[in-house]
Amino acid sequence: MSTSPERLTRAIRWLQAYAALLTIALVVLFFRSGTSADDVLRTRGLIIEDEAGRERILIGAPIPEAANRVRTDEARVREVWASRYEDGEAYMGYYQDYRHEANGILILSEDGFDRVVLGDPVPDPNIGRRIAPSTGLVINDMQGFERTGYGVLVVDGTYRVVLGLDSNRGREGLVLMLEDDGRVGVTVGHGDDMIFLGDLPAGLGWWGLTELVRGLVIAKDGEIIHQLNGAEEK
């Protein structure tokens, strides 16, 4: 039994229409299943991959685990970070206490290194624990070493707001800091050589200072070599 071209054409058109309606229905069902009654999408975590299937963006509270992330892969940490130090085993011992989690957004490089983090808190640097959990933004270099960050911390019950620029040695090179205890200023550092411009309340213990400093302090090898203090005597 033969089928006329007209009947075949009509059948194909019906199939196309049916497929289109089915596709629309599936899309509607997908979005309705992922939203609440007030049209808010709710989920515990989200991983966005690039076209090669590499995990590149992690979103969550906390961010979800990712197989490609260097920080949480001890074998890769030993290979790419611990190998930089004379005593790699000592580094690995410190690494065990680092905080890697974050509530927020993390952008990974193609190789799995943390590049940008926005969170509460953000992870520790890969060279040591922060003095306290920090809420803010961190930007790392291509090997996952922190190069700049802006954050708010609570240290011994006192709020501290910090904007830091780090050297390629992982040390803070330029820091703008404001603390509720009165310390506010700019620090420029290279190892144990430091320059501070701003206010240092009495009794903080910086370089052995016991009086209020409002001005300039220059220290070399951890000891003050020059001081310009414009604070009024108490």
Side-chain angles (χ1 to χ4, degrees), residues 12 15-85 88-89 91-130 133-151 164-170:
I12 291 174
L15 287 173
Q16 289 174 334
Y18 177 76
L21 289 172
L22 181 61
T23 300
I24 293 172
L26 289 174
V27 170
V28 171
L29 286 173
F30 172 79
F31 282 103
R32 287 181 65 85
S33 65
T35 59
S36 64
D38 55 359
D39 295 329
V40 176
L41 181 64
R42 298 179 183 274
T43 183
R44 295 293 299 276
L46 180 64
I47 298 178
I48 298 177
E49 300 179 346
D50 62 17
E51 59 184 2
R54 292 173 294 226
E55 299 147 322
R56 299 297 299 275
I57 303 176
L58 311 180
I59 304 174
I63 57 173
E65 294 184 1
N68 189 46
R69 190 182 181 202
V70 171
R71 283 200 63 134
T72 51
D73 185 335
E74 188 168 333
R76 295 188 68 188
V77 168
R78 185 180 297 276
E79 176 186 357
V80 300
W81 289 341
S83 60
R84 292 174 173 238
Y85 300 93
E89 288 305 315
Y91 173 84
M92 293 303 298
Y94 300 137
Y95 162 82
Q96 302 301 321
D97 291 330
Y98 295 171
R99 293 174 288 232
H100 310 299
E101 67 277 0
N103 296 320
I105 303 173
L106 166 64
I107 299 177
L108 296 169
S109 70
E110 293 181 356
D111 299 323
F113 292 103
D114 291 19
R115 293 302 309 273
V116 181
V117 191
L118 176 65
D120 173 33
V122 295
D124 286 330
N126 59 8
I127 61 169
R129 285 176 64 97
R130 299 187 192 280
S134 174
T135 298
L137 174 69
V138 171
I139 301 175
N140 300 332
D141 67 13
M142 295 183 65
Q143 292 295 311
F145 287 85
E146 187 171 318
R147 294 305 303 264
T148 185
Y150 176 64
L165 283 72
D166 299 345
S167 70
N168 60 0
R169 297 177 181 272

Novice: Rounded to the nearest 0.5 Å, what's the gap from CD1 on Ile139 to OG1 on Thr148? Could you check?
Specialist: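 One finds 6.0 Å between CD1 of Ile139 and OG1 of Thr148.
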
Novice: Is any side-chain N of the basic residue among Glu146 and Arg130 closer than 4.0 Å to the acidic one's carboxylate O?
Specialist: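 Salt bridge flag = yes for Arg130 with Glu146.
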
Novice: If every non-hydrogen atom of Asn126 is compared with every non-hydrogen atom of Tyr91, which pair is closest and at what distance?
Specialist: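 Scanning both residues, the minimum pair turns out to be O-OH, 2.6 Å.
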
Novice: Where is the tightest heavy-atom contact between Arg69 and His100, given as atom of each residue plus distance?
Specialist: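 Taking Arg69 first and His100 second, the nearest heavy atoms are NH2-O, 3.0 Å.
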
Novice: Considering only NZ, NE, NH1 and NH2 on the basic side and carboxylate oxygens on the acidic side, decide whether Arg78 and Glu89 come within less than 4.0 Å.
Specialist: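 Salt bridge between Arg78 and Glu89, a charged N being under 4.0 Å from a carboxylate O: yes.
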
Novice: What closest approach, in Å, do Val77 and Met92 show between heavy atoms, and which atom pair accounts for it?
Specialist: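 That would be CG1-SD, 3.8 Å.
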
Novice: Roughly how far, to the nearest 0.5 Å, is CZ of Arg71 from CH2 of Trp81?
Specialist: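 Nearest 0.5 Å value for the CH2-CZ distance: 5.5 Å.
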
Novice: Quick one: closest heavy-atom pair of Tyr95 and Asp73, and the distance?
Specialist: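 Scanning both residues completely, I find the closest heavy atoms to be OH-N, 4.3 Å.
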
Novice: Compare all side-chain heavy atoms of Ile105 with those of Ile57 and state whether any distance is below 4.5 angstrom.
Specialist: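 The answer is yes, as the side chains (C-beta and beyond) meet within the 4.5 Å cut-off.
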
Novice: Keeping the roles fixed (side chain from Arg129, backbone from Asp97), state whether a donor-acceptor pair exists under 3.5 Å.
Specialist: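 Between the backbone of Asp97 and the side chain of Arg129 there is a qualifying donor-acceptor contact (under 3.5 Å).
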
Novice: Go through the steps to decide whether Val116 and Leu118 satisfy the test side-chain contact (heavy atoms from CB on, under 4.5 Å), and finish with yes or no.
Specialist: CA-CA 7 Å; Val116 181; Leu118 176 65; 5.8 Å; no

Novice: Taking C-beta and beyond as the side chain, do Pro121 and Arg99 meet within less than 4.5 Å on heavy atoms?
Specialist: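 No - every pair of side-chain heavy atoms lies 4.5 Å or more apart.
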
Novice: Specify the closest pair of heavy atoms between Val122 and Ala102, including all atoms of both residues, with the distance to one decimal.
Specialist: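 The answer is CA-CB, 4.4 Å.
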
Novice: Using modelled atom types and a 3.5 Å cut-off, is there a donor and acceptor pairing between side-chain atoms of Arg76 and backbone atoms of Gly112?
Specialist: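 It does not hold such a pair.
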
Novice: Quick one: CG on Asp124 to OH on Tyr94, what's the gap to the nearest 0.5 Å?
Specialist: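 Answer for the CG-OH pair, Asp124 versus Tyr94, is 15.0 Å.
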
Novice: Rounded at 0.5 Å granularity, tell me how far OG1 in Thr72 sits from CD1 in Ile63.
Specialist: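 Answer rounded to 0.5 Å: 8.5 Å.
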
Novice: Can any side-chain N or O of Tyr98 pair as donor or acceptor with the backbone N or O of Gly128 at less than 3.5 Å?
Specialist: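 A pair under 3.5 Å: yes.
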
Novice: How many angstroms lie between atom CZ of Phe113 and atom CE of Met142, to the nearest 0.5 angstrom?
Specialist: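 Phe113 atom CZ to Met142 atom CE measures 9.0 Å (nearest 0.5 Å).
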
Novice: Tell me whether Asp166 is salt-bridged to Arg147, with the criterion being a basic N under 4.0 Å from an acidic carboxylate O.
Specialist: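 Looking at Arg147 together with Asp166, the answer is no, because their closest N to O distance does not fall below 4.0 Å.
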
Novice: With a 4.5 Å heavy-atom cut-off, do Val80 and Val70 have their side chains touching?
Specialist: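 When only atoms from C-beta onward are counted, Val70 and Val80 do touch, with a gap below 4.5 Å.
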
Novice: Where do Ile47 and Glu55 come nearest, in terms of heavy atoms and distance?
Specialist: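 Minimum heavy-atom separation between Ile47 and Glu55: CG2-CG, 3.8 Å.
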
Novice: More than 12 non-hydrogen atoms from neighbouring residues, nucleotides or ligands closer than 6.0 Å to CD on Gln143, yes or no?
Specialist: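 Buried by this count: over 12 neighbours within 6.0 Å.
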
Novice: Could you tell me the separation between the CD1 atom of Ile107 and the CG atom of Asp114, rounded to the nearest 0.5 Å?
Specialist: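 Here the rounded value is 10.5 Å.
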
Novice: Please examine the side chains of Leu46 and Pro64, heavy atoms only from C-beta on, and report whether any two atoms are closer than 4.5 Å.
Specialist: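 Side chain of Pro64 against side chain of Leu46, heavy atoms only: no contact under 4.5 Å found.
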
